[in-house]
Colleague: 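What follows is a single structure, and I will ask about it in a moment.
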Amino acid sequence: MIYNYTSSLGLMAYDWDGQSCRRLWLDSHPGARPSADDPVGCWLDAYCDGRRLALPPLAKPHTAFQARLRKALLAIPWGETCTYGELARQLGTAPRAFGQALGANPLPLLIPCHRVVAANGIGGFSCGIEWKKALLEFERSF
DNA sequence: GGCTTCCATGAGT
DNA sequence: ACTCATGGAAGCC
């Protein structure tokens, strides 16, 4: 089931099936129902408050690589950033492949793909570069 | 030094 | 087969 979530940071939507969060979008989802009192909504409440809360259950990654990718991203602390190259080396992969895998992340924000920047510059963001800038600035303000 | 190609590289589609 | 949310090196002012 897909829910819309309105936050101080902007409109979001997520797919919560009652067991785990399968996807999260950084924009509103047409026709979705308003956010319920589920673990994802609670986590988003906390995040927008600057509070770190344990993650809600997330859908399993499809591949082993995505599992390692997720683990590496979750290791980046609030407000900190890493570069594509650093993490790619850490996972034994190529920077470009790493970047593309990030773009395919179905759970932005929950899995903090916005904390990865290019060696020179900010890099890209599939949900819109404005989101990435806003999120980084938001996290740094705490 | 700063700017512009150029290409190795690997995961996803 | 082709597409990338890169990085680093090489060439040129």
Side-chain angles (χ1 to χ4, degrees), chain A residues 1-35 38-142:
Chain A
M1 187 60 58
I2 298 178
Y3 300 93
N4 275 325
Y5 182 89
T6 306
S7 79
S8 48
L9 293 168
L11 297 173
M12 310 177 190
Y14 57 87
D15 182 0
W16 170 255
D17 66 7
Q19 302 296 314
S20 66
C21 185
R22 307 150 70 83
R23 282 203 71 174
L24 186 138
W25 297 271
L26 262 28
D27 58 26
S28 61
H29 202 90
R33 36 208 286 177
S35 170
D38 58 52
V40 184
C42 291
W43 190 90
L44 290 173
D45 286 341
Y47 180 88
C48 295
D49 251 12
R51 300 192 333 265
R52 293 95 166 131
L53 196 63
L55 284 172
L58 304 177
K60 280 206 207 357
H62 292 319
T63 66
F65 178 78
Q66 285 170 4
R68 292 197 300 136
L69 175 79
R70 177 179 297 192
K71 193 174 172 188
L73 292 176
L74 291 174
I76 310 175
W78 178 290
E80 306 273 316
T81 58
C82 281
T83 66
Y84 296 98
E86 281 175 51
L87 291 178
R89 263 198 309 283
Q90 186 180 318
L91 293 192
T93 187
R96 193 166 184 177
F98 185 86
Q100 188 184 346
L102 252 64
N105 175 17
L107 296 163
L109 196 57
L110 292 165
I111 299 178
C113 52
H114 56 283
R115 296 184 190 143
V116 186
V117 299
N120 293 313
I122 190 171
F125 198 59
S126 59
C127 305
I129 195 64
E130 294 310 317
W131 266 107
K132 188 172 186 174
K133 289 193 231 170
L135 291 173
L136 289 174
E137 192 180 338
F138 171 72
E139 293 191 357
R140 272 196 295 263
S141 72
F142 280 92

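Naming: A, B, ... by sequence-line order, numbering from 1 per chain.
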Colleague: Taking only residues two or more places apart in sequence, or in another chain, which ones meet A/A59 in a side chain to side chain contact (heavy atoms under 4.5 Å, CB included)?
Modeller: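 Side chain to side chain contact (heavy atoms under 4.5 Å, CB included) list for A/A59, sorted by chain: A/S20, A/R22.
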Colleague: First contact, last contact: which nucleotides of DNA chain B are these for chain A, 5' to 3', heavy-atom distance under 4.0 Å?
Modeller: B/dA8 to B/dG12
Colleague: Do A/D38 and A/Y3 get their side chains close enough for a donor-acceptor pair, meaning under 3.5 Å?
Modeller: no
Colleague: List the atom of A/F98, the atom of A/T93, and the distance in Å for their closest heavy-atom pair.
Modeller: CB-CG2, 4.2 Å
Colleague: Could you tell me which residues satisfy side chain to side chain contact (heavy atoms under 4.5 Å, CB included) with A/L55, sequence neighbours excluded, listed by chain and number?
Modeller: A/W43, A/L58, A/L74, A/L110
Colleague: Quick check on DNA chain B: between A/R96 and A/A104, whose nearest nucleotide comes earlier from the 5' end?
Modeller: A/R96
Colleague: Under the rule for side-chain hydrogen bond (donor to acceptor under 3.5 Å, both in side chains), what residues qualify as partners of A/T81, not counting sequence neighbours?
Modeller: none
Colleague: Measure the CD1-CD1 distance between A/I76 and A/I111 for me, rounded to the nearest 0.5 Å.
Modeller: 11.5 Å
Colleague: With 3.5 Å as the limit, what N/O pairs link the protein to nucleotides 7-13 of chain C?
Modeller:
unit_1	atom_1	unit_2	atom_2	d
C/dG7	OP1	A/G85	N	3.2
C/dG7	OP1	A/A119	N	3.1
C/dG7	OP2	A/A119	N	2.9

Colleague: What residues form a side chain to side chain contact (heavy atoms under 4.5 Å, CB included) with A/Q100, not counting sequence neighbours?
Modeller: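 Side chain to side chain contact (heavy atoms under 4.5 Å, CB included) list for A/Q100, sorted by chain: empty.
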Colleague: Just need the stems in DNA chain C: three or more back-to-back Watson-Crick or G-U pairs, each with both distances under 3.5 angstrom, sorted by first number.
Modeller: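 Runs of three or more consecutive pairs: B:1-8 with C:6-13, B:10-13 with C:1-4.
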Colleague: Once side-chain hydrogen bond (donor to acceptor under 3.5 Å, both in side chains) is applied, do any residues pair with A/E139, and if so which ones, sequence neighbours excluded?
Modeller: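 A/Y47, A/H114, A/R115.
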Colleague: Shortest non-hydrogen contact from A/W78 to A/G50?
Modeller: CH2-CA, 3.7 Å
Colleague: Given atom CG of A/L73 and atom C1' of C/dA5, what is their separation to the nearest angstrom?
Modeller: 12 Å
Colleague: Pull out every residue in residues 124-139 of chain A that has a heavy atom closer than 4.0 Å to any atom of DNA chain C, ordered by number, or say none.
Modeller: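 DNA chain C contact set from residues 124-139 of chain A: A/G124, A/F125, A/S126.
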Colleague: Quick one: list whatever passes side-chain hydrogen bond (donor to acceptor under 3.5 Å, both in side chains) with A/Q90, sequence neighbours left out.
Modeller: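 Not a single residue meets the side-chain hydrogen bond (donor to acceptor under 3.5 Å, both in side chains) criterion with A/Q90.
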Colleague: Among A/E86, A/R68, A/K71, exactly one meets side chain to side chain contact (heavy atoms under 4.5 Å, CB included) together with A/L91. Which residue is that?
Modeller: A/R68
Colleague: Can you list everything that forms a side chain to side chain contact (heavy atoms under 4.5 Å, CB included) with A/P39? Sequence neighbours excluded, please.
Modeller: A/W16, A/P56, A/P57
Colleague: Holding to side-chain hydrogen bond (donor to acceptor under 3.5 Å, both in side chains), I want the full list of residues that pass it with A/Y84, two or more places apart in sequence or in another chain.
Modeller: A/K132
